Amino acid sequence: MAAGVAAWLPFARAAAIGWMPVANLPMPVAPAEKNKRQDEMIILNVSGRRFETWRNTLDRYPDTLLGSSEKEFFYNEDTKEYFFDRDPDVFRSVLNFYRTGKLHYPRYECISSYDEELAFFGIISEIIGDCCYEEYKDRKRENAERLMDDQEDNKDAKPPNMTFREAMWRAFENPHTSTMALVFYYVTGFFIAVSVITNVVETVPCGSSPNQKEVPCGERYTVAFFCMDTACVMIFTVEYLMRLFAAPSRYRFMRSVMSIIDVVAILPYYIGLVMTDNEDVSGAFVTLRVFRVFRIFKFSRHSQGLRILGYTLKSCASELGFLLFSLTMAIIIFATVMFYAEKGSSSSKFTSIPASFWYTIVTMTTLGYGDMVPKTIAGKIFGSICSLSGVLVIALPVPVIVSNFSRIYHQNQRTDKRRAQKKARLARIRIAKQGTSNAFLDSKKNGLFNEALEFTSPEEEQHLRKTTSLLENQHHHLLHCLEKTTNHEFVDEQYYQQSYLEAGLQTYPSRSPSLSSRDGATGTCCTRRSKNRHAPLQNASGPPHMEPLTHQRGLQELSTIHILPLSTSRSSLNEPASLNCRITTAIISIPTPPETTPEGDAHLPTGPAHQNVVKVSAL
Amino acid sequence: SEHTGRLHSHSPSWDFSSITDEDELSAVRYRPERLDHLEQKTNFSKKELQVLYRGFKNECPSGVVNEETFKSIYSQFFPHGDSSMYAHFLFEAFDTRNNGSVSFEDFVVSLSIILRGSITDKLNWAFNLYDLNKDGCITREEMTDIMHSIYDMMGKYTYPCIGDNAPMEHVDNFFQKMDKNNDGVVTIEEFLETCQRDESIMQSMHMFDSVI
């Protein structure tokens, strides 16, 4: 039952009075009107924009968010309104749906944001009205295709453990994936060009030998040209064989257009090799050389535009067919007419209808060579009609082909652009992620600050209180909990790699986490603590890392996390002040007994700040 | 009365070729009487009239209902069967001025009778509904038509199956009950008298009083 007519239900019920007198059986009891509320207005506050409507309007669709009790979750007691933190523009459409019973899709709205809003408010998209449904479906399909494209791009990522054959095939198909492939790509391209130029130059007459006949270069420098040809064909043959070997489906590869072109390009050479002796077929051999020009088509592997052109022609096959058909019809008609018109005139070139074909074609395509011209008046009239109609017939299918090409070309451009943008986008996302994890590593210190607040002097409190939001703090606390749970720690990449190196250099046992209270190696490579006793300078060599400070001094449960300088240069340690430490001083809040101020620490800034921990923010 | 605008019966046409510019011009713009006048005319309160009008105007923005819209609205409530005949009879009953369209006044006046009127008014209204040619008495044919239309609303899938004779039997039943002097027609007096003596009918007439 449509919502709009829900308002008419009382009328329909009232009209049922017409059945009462004729009814034989007693009527059932009417449902109780549970404390029938007067229709009241409710206020929906969507991101500040207030929408007001009757409660009944919303109740029309009880299986949506607004129509059910779900909206009570959003009720604000203080302002007596329902607050939704959503887009008010899209909400307009949503509310109009309740009012009119029809859901419209605004054209300017992004399809995915609209879908999200619909999903939020519990409205299925199938009820979009007919007026907007087509547009909605089109946009949705476009979006889905784009998503699929993106996913396909992901497949570009190199799958591990590819066999040599697969790797080779991949290199052939996507030259940009490896340097070897790129080199091969350019080499073949170069040789194709060389081969084509050779073929062309071969026929140029170059210089005259003592006998006055001009010979083409090909005959003058036969050996040179033969060598070049051989080299090119060898390269092409090798390439073809390699492709054949690497192809996942050899049969399919052999049937593909490109491979046929490859074969046709190199076959004449071999046939020529075989047949040079035989005089009879040498003529045929010469003709075979024509096929060498097909080598130029090998460029289509190198040029995307060429491929697009080929694809366009293929997809416009019907238009081309129509063009051909209509042209043929027109040619036959006009040729016939011209022939009969010119039959009377003497020495007419229009000797037969097929002979007139040439004239008609030349005229219709507005070439007009002038080798055949009509002489009679009738012929001239029909000739002019012919040329006028030619313009029309040719002009009709051409825009279709052009627009097809343009569409495919732009689609390709967009795909490439998207791929390029995707790389940049992913890079940015990675940086952001890196930032977050580094922030966590940093704030681990912060966390300690907060714990150690009581130990810090008041003025340092200001330093300590970094401007991390509550959200960040909670997030970091969560990560911290995870660390404690697994007894492992988060570190950044650099440290992790370096720790492998360090593991070899130092005699420390493998990284054991946190609160090992052993005096010696605290397990982690950067055992400041222990080193403090021996060689404070060694601290500098420690890779950046975080280590829970083992309290050897009775600092219960105070795990200090200090981040060592990224650079392992001692000098950097020597100037802690110049380090990019964000919160360095504070950690030092740990009051360490004087003995922990090892002599070695002399080079470190004195004071409580830099006692046991050398911390420099990793960033 | 303060009727403004001309009442123009305008049936919606779904045929594209007939959508012309003239159609746009002759769209109906009908405004009902003032709210306080209607309040006096009917037994509804202001708030109830407001609610009624909002629903009315939502479905019929032009201000009047024509028979097509009426039928389509009514058919939404009875998806199983064919309610067009009964809706037609209803429309006739609502269209007190017999001009092919039901304005808001007609609508609300009739509703007021049905829901807020006295029992006699209600019965009168029902009688008016059955009396198709409004000649003051219900003949067998009229009743048969009414009965058929009611049974049509049931549709095909019923239990037990609606036999061909069911409406006729029902009509016989009705006449047996109502037609006291056995003259083949039921007059208003016979109708009123019989109904007022029938407890269940009396009770059922009040059932929908709180609908609005």
Side-chain angles (χ1 to χ4, degrees), chain A residues 1-42 51-62 67 95-104 127 129-131 134, chain B residues 47-48 50-52 54-59 70 72-79 83 86-87 89-90 93-94 107 110-111 113-115 122-123 125-130 143 146-147 150 153 170-171 173-174 177-178 191 194-195 198-212:
Chain A
M1 198 174 68
V5 293
W8 287 65
L9 183 58
F11 149 72
R13 296 177 77 201
I17 214 170
W19 310 335
M20 302 302 144
V22 297
N24 292 331
L25 303 167
M27 290 291 135
V29 179
E33 318 270 333
K34 44 182 170 19
N35 68 327
K36 194 169 62 138
R37 270 188 310 229
Q38 279 292 28
D39 203 3
E40 50 167 347
M41 292 248 283
I42 63 176
F51 296 86
E52 299 183 20
T53 182
W54 300 106
R55 189 173 284 273
N56 280 352
T57 314
L58 296 182
D59 288 343
R60 286 181 192 160
Y61 295 99
L95 195 53
N96 276 336
F97 164 63
Y98 287 90
R99 292 183 179 136
T100 62
K102 288 206 282 259
L103 181 62
H104 293 282
I127 47 178
D130 288 336
C131 40
E134 204 180 309
Chain B
K47 267 210 151 48
E48 291 169 335
Q50 280 178 337
V51 170
L52 278 171
R54 281 207 301 273
F56 186 85
K57 182 103 177 155
N58 238 348
E59 202 58 25
F70 197 88
S72 77
I73 291 173
Y74 203 72
S75 66
Q76 309 254 10
F77 296 107
F78 302 100
S83 59
Y86 187 71
F89 294 141
L90 267 186
F94 271 79
F107 181 71
S110 296
L111 272 188
I113 296 176
I114 298 174
L115 299 173
K122 293 188 196 185
L123 288 170
W125 193 89
F127 186 85
N128 196 34
L129 173 69
Y130 303 141
M143 203 60 220
I146 298 266
M147 208 55 79
I150 294 179
M153 283 199 285
H170 207 134
V171 170
N173 207 323
F174 178 78
K177 218 170 34 166
M178 301 276 171
F191 185 74
T194 320
C195 287
D198 189 332
E199 268 308 311
S200 63
I201 293 183
M202 284 291 108
Q203 207 168 6
S204 55
M205 291 302 257
H206 288 287
M207 191 162 64
F208 293 116
D209 278 357
S210 57
V211 146
I212 297 289

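Computed from heavy atoms alone, side chains included, the values below leave out hydrogens, waters and symmetry copies. Nothing here was measured: the structure is a model prediction, and the numbers come from that model.
- For CD of Gln50(B), the number of neighbouring non-hydrogen atoms (other residues, nucleotides, ligands) closer than 6.0 Å is greater than 12.
- Looking at Leu115(B), the atoms closer than 4.5 Å to chain A (heavy atoms on both sides) all sit in the side chain, from C-beta outward.
- Proximity of the aromatic rings of Phe11(A) and Phe70(B) is defined here by a centroid distance below 6.0 angstrom, and this criterion is met.
- Contact of Met202(B) with chain A is not made at all, since no heavy-atom distance falls under 4.5 Å.
- For the ring pair (Phe, Tyr, Trp, His ring centres under 6.0 Å) test, residues two or more places apart in sequence or in another chain that qualify with His170(B) are Tyr151(B).
- A distance of 10.0 Å separates CD1 of Ile17(A) from CG of Leu111(B), quoted to the nearest 0.5 Å.
- Taking both residues in full, the closest heavy atoms of Gly18(A) and Leu129(B) are given as CA-CD2, 3.7 Å, listed atom of the first, atom of the second, then distance.
- Residues satisfying the salt bridge (charged side-chain N to carboxylate O under 4.0 Å, His left out) criterion with Lys102(A), sequence neighbours excluded, are absent altogether.
- Open room surrounds CD on Gln203(B); 12 or fewer heavy atoms of other groups in view lie less than 6.0 Å from it.
- When all heavy atoms are compared, the tightest approach of Met20(A) to Ser204(B) is SD-CB, 3.4 Å.
- With a 4.5 angstrom heavy-atom cutoff, Phe127(B) does not touch chain A via any of its atoms.
- For the set Phe174(B), Phe89(B), Phe94(B), Tyr86(B), the entry with the most heavy-atom pairs within less than 4.5 Å of chain A is Tyr86(B).
- Remark: Trp19(A) CH2 to Met153(B) CE distance equals 4.5 Å, nearest 0.5 Å.
- With a 4.5 angstrom heavy-atom cutoff, Phe56(B) touches chain A via backbone and side-chain atoms both.
- Nearest heavy-atom pair across Leu90(B) and Ala15(A) is CD1-CB, 3.5 Å.
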